[in-house]
2 protein chains.
Amino acid sequence: MKSSNMLMLESKAQIFKALGHPTRMWMVERLAGGECCVCEIVDGVGADFSTISKHLAVLKQAGIVADEKRGKQVFYRLKCPCIMDFVHCIENVVINGAEEQHQVLCCGLEEGKNELER
Amino acid sequence: MKSSNMLMLESKAQIFKALGHPTRMWMVERLAGGECCVCEIVDGVGADFSTISKHLAVLKQAGIVADEKRGKQVFYRLKCPCIMDFVHCIENVVINGAEEQHQVLCCGLEEGKNELER
DNA sequence: TGCATATTTGGTAAAATAACCAAATGTAAT
DNA sequence: ATTACATTTGGTTATTTTACCAAATATGCA
């Protein structure tokens with residue numbers, strides 16, 4: 001691969017990769033509804049604390065979430081809530097299947113929709 | 001994980017995962033410039049034919065690209081060129097680092113920028 | 001028909017990921 | 001200071017991913 005921009009390529013891929021796991025996807029959607037502490041995520045996902053912690057570390061490492069310790073708890077939040085625009089588009093891709101992808105994937109963003117608040 | 005929508009979650013994650021590899025990222029960007037045949041991608045990436053073929057299969061499986069056989073060659077194209085909007089946003093995230101992400105990630109789309117043609 | 005070209009498929013080994021448990025760390029309250 | 005709670009880190013094992021090679025398949029041309 002001819003790569004003056006190999007590093008950029010890897011960085012971008014890393015961000016997508018971080019979103020490429022159902023549990024982390026769930027977390028991102030959860031955090032889109034507002035920050036929450038690790039224990040809340042553990043409750044929602046139903047996996048081991050350590051597992052959740054590691055998934056959160058992946059998202060953090062990719063720059064998708066930020067964490068803040070307050071008292072005994074650590075709170076995570078989406079660093080960029082607009083990442084949900086992506087997610088909603090992808091959702092449409094999934095729902096509408098292969099055929100309509102072309103139209104559908106573009107829609108949400110171009111009309112400036114943002115359904116984070118729902 | 002409480003999952004009436006577990007399947008949806010997995011499908012979305014799969015799409016992100018497909019984008020989560022430098023080589024596949026490169027391919028998507030290459031295809032954003034217009035369809036091309038497998039051999040052109042092989043040349044660009046510099047990996048084995050079989051490796052490229054398998055990466056393309058991942059993208060196809062995820063519904064990101066489509067293939068069409070013409071003569072001896074197989075041509076691939078982006079099923080949804082607007083997926084590049086995502087990629088460019090992510091690019092900004094990478095460039096601007098953690099601090100500015102919040103503003104930057106949103107920009108490209110809201111101003112309707114689309115640099116596919118460059 | 002038979003050959004060369006283009007691509008995919010199958011197999012295998014190395015590397016990366018993911019889940020859990022146990023132990024370590026940091027913080028607050030006693 | 002000790003204890004309890006919240007989270008992270010380290011270790012282990014199972015699974016998945018990736019890359020390459022070799023072999024199979026498909027297509028066009030001699």
Side-chain angles (χ1 to χ4, degrees), chain A residues 1-3 6-7 9-28 30-31 35-78, chain B residues 1-3 6 9-28 30-31 35-77:
Chain A
M1 195 175 330
K2 62 192 87 163
S3 55
M6 187 57 191
L7 244 137
L9 222 43
E10 276 166 358
S11 305
K12 280 184 281 187
Q14 195 202 7
I15 293 176
F16 283 112
K17 190 151 96 178
L19 295 167
H21 187 288
T23 298
R24 291 195 292 266
M25 193 81 255
W26 186 93
M27 289 170 165
V28 167
R30 178 73 166 77
L31 293 175
E35 69 163 22
C36 57
C37 76
V38 179
C39 58
E40 293 177 280
I41 296 174
V42 170
D43 283 349
V45 174
D48 197 79
F49 253 96
S50 65
T51 301
I52 300 304
S53 182
K54 277 166 187 172
H55 278 304
L56 285 168
V58 170
L59 291 173
K60 184 180 167 185
Q61 162 77 23
I64 294 167
V65 304
D67 62 340
E68 187 189 347
K69 187 154 201 168
R70 292 210 290 278
K72 271 188 288 195
Q73 295 170 307
V74 178
F75 289 85
Y76 279 83
R77 64 180 173 80
L78 263 197
Chain B
M1 199 177 325
K2 63 192 88 164
S3 57
M6 187 58 191
L9 223 43
E10 276 167 357
S11 307
K12 279 183 284 187
Q14 197 205 3
I15 293 175
F16 282 112
K17 190 152 95 178
L19 294 168
H21 188 287
T23 299
R24 292 195 291 268
M25 194 81 254
W26 187 92
M27 289 169 163
V28 167
R30 179 72 167 77
L31 293 175
E35 70 164 20
C36 57
C37 77
V38 178
C39 57
E40 292 177 281
I41 295 174
V42 169
D43 283 348
V45 174
D48 196 81
F49 253 97
S50 64
T51 301
I52 299 305
S53 181
K54 277 166 187 172
H55 277 305
L56 285 167
V58 170
L59 290 173
K60 184 180 168 186
Q61 161 77 25
I64 294 168
V65 304
D67 62 340
E68 187 189 347
K69 186 154 202 168
R70 290 208 294 277
K72 271 189 289 195
Q73 294 170 307
V74 177
F75 289 84
Y76 279 82
R77 64 179 173 80

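Atoms considered below: every heavy atom in the structure, side chains included; atoms not considered: hydrogens, waters and symmetry mates. Protein chains get the first letters and strands the later ones, always in sequence-line order, with residue 1 at the start of each.
For the side chain to side chain contact (heavy atoms under 4.5 Å, CB included) test, residues two or more places apart in sequence or in another chain that qualify with Lys60(B) are Val65(B), Asp67(B). With sequence neighbours excluded, the residues forming a side chain to side chain contact (heavy atoms under 4.5 Å, CB included) with Ala66(A) are Arg77(A), Lys79(A), listed by chain and number. With sequence neighbours excluded, no residue forms a side-chain hydrogen bond (donor to acceptor under 3.5 Å, both in side chains) with Ser11(A). Listed by chain and number, the residues in a salt bridge (Lys or Arg N to Asp or Glu O under 4.0 Å) with Glu10(B) amount to none (sequence neighbours excluded). Taking the side chain to side chain contact (heavy atoms under 4.5 Å, CB included) definition, one finds that Val28(A) meets it with Leu19(A), Leu59(A), Ile64(A), Leu78(A), Ile83(A), Met84(A), sequence neighbours left out. Scored by the side-chain hydrogen bond (donor to acceptor under 3.5 Å, both in side chains) test, Ser50(A) finds Asp48(A) as partners (sequence neighbours excluded).
Rounding to whole angstrom units, CD1 of residue Ile52(A) and C1' of dC20(C) are separated by 12 Å. Nucleotide dT17(C) holds its C1' atom 8 Å from the NE2 atom of His21(A), rounded to whole Å. Leu56(B) places its CG atom 13 Å from the C1' atom of dA6(C), with the value rounded to the nearest Å.
Within 4.0 Å (heavy atoms only), Lys17(A) reaches sugar-phosphate atoms of the nucleic acid but no base atom. At a threshold of 4.0 angstrom between heavy atoms, the contacts of Phe75(A) with the nucleic acid are absent.
Between Thr51(A) and Gln73(A), the residue anchored closer to the 5' end of DNA chain D is Gln73(A), taking for each the nucleotide with the nearest heavy atom.
Regarding contacts with the backbone of dA6(C), every side-chain N or O of Tyr76(B) stays at 4.0 angstrom or more from both OP1 and OP2.
Residues Ala47(A) and Ile52(A) approach most closely at CB-CD1, 4.0 Å, considering heavy atoms.
Residue pairs meeting the ring pair (Phe, Tyr, Trp, His ring centres under 6.0 Å) criterion with at least one member in residues 35-62 of chain B, sequence neighbours excluded: His21(B)-His55(B).
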Could you pull out every donor-acceptor pair under 3.5 Å between side chains of residues 69-76 of chain A and any protein atom, sequence neighbours left out?
| from | atom 1 | to | atom 2 | distance (Å) |
| --- | --- | --- | --- | --- |
| Arg70(A) | NH1 | Glu68(A) | OE1 | 3.2 |
| Arg70(A) | NH2 | Glu35(A) | OE2 | 2.5 |

Each nucleotide of nucleotides 10-15 of chain C classed B (base within 4.0 Å of a protein heavy atom), S (only sugar-phosphate) or -, in 5' to 3' order, makes BB----
Sub-3.5 Å pairs of nitrogen or oxygen atoms, protein against nucleotides 25-30 of chain C:
none

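If you walk DNA chain D from 5' to 3' and mark each nucleotide with an atom closer than 4.0 Å to a heavy atom of chain A, the marks span dC5(D) to dG11(D).
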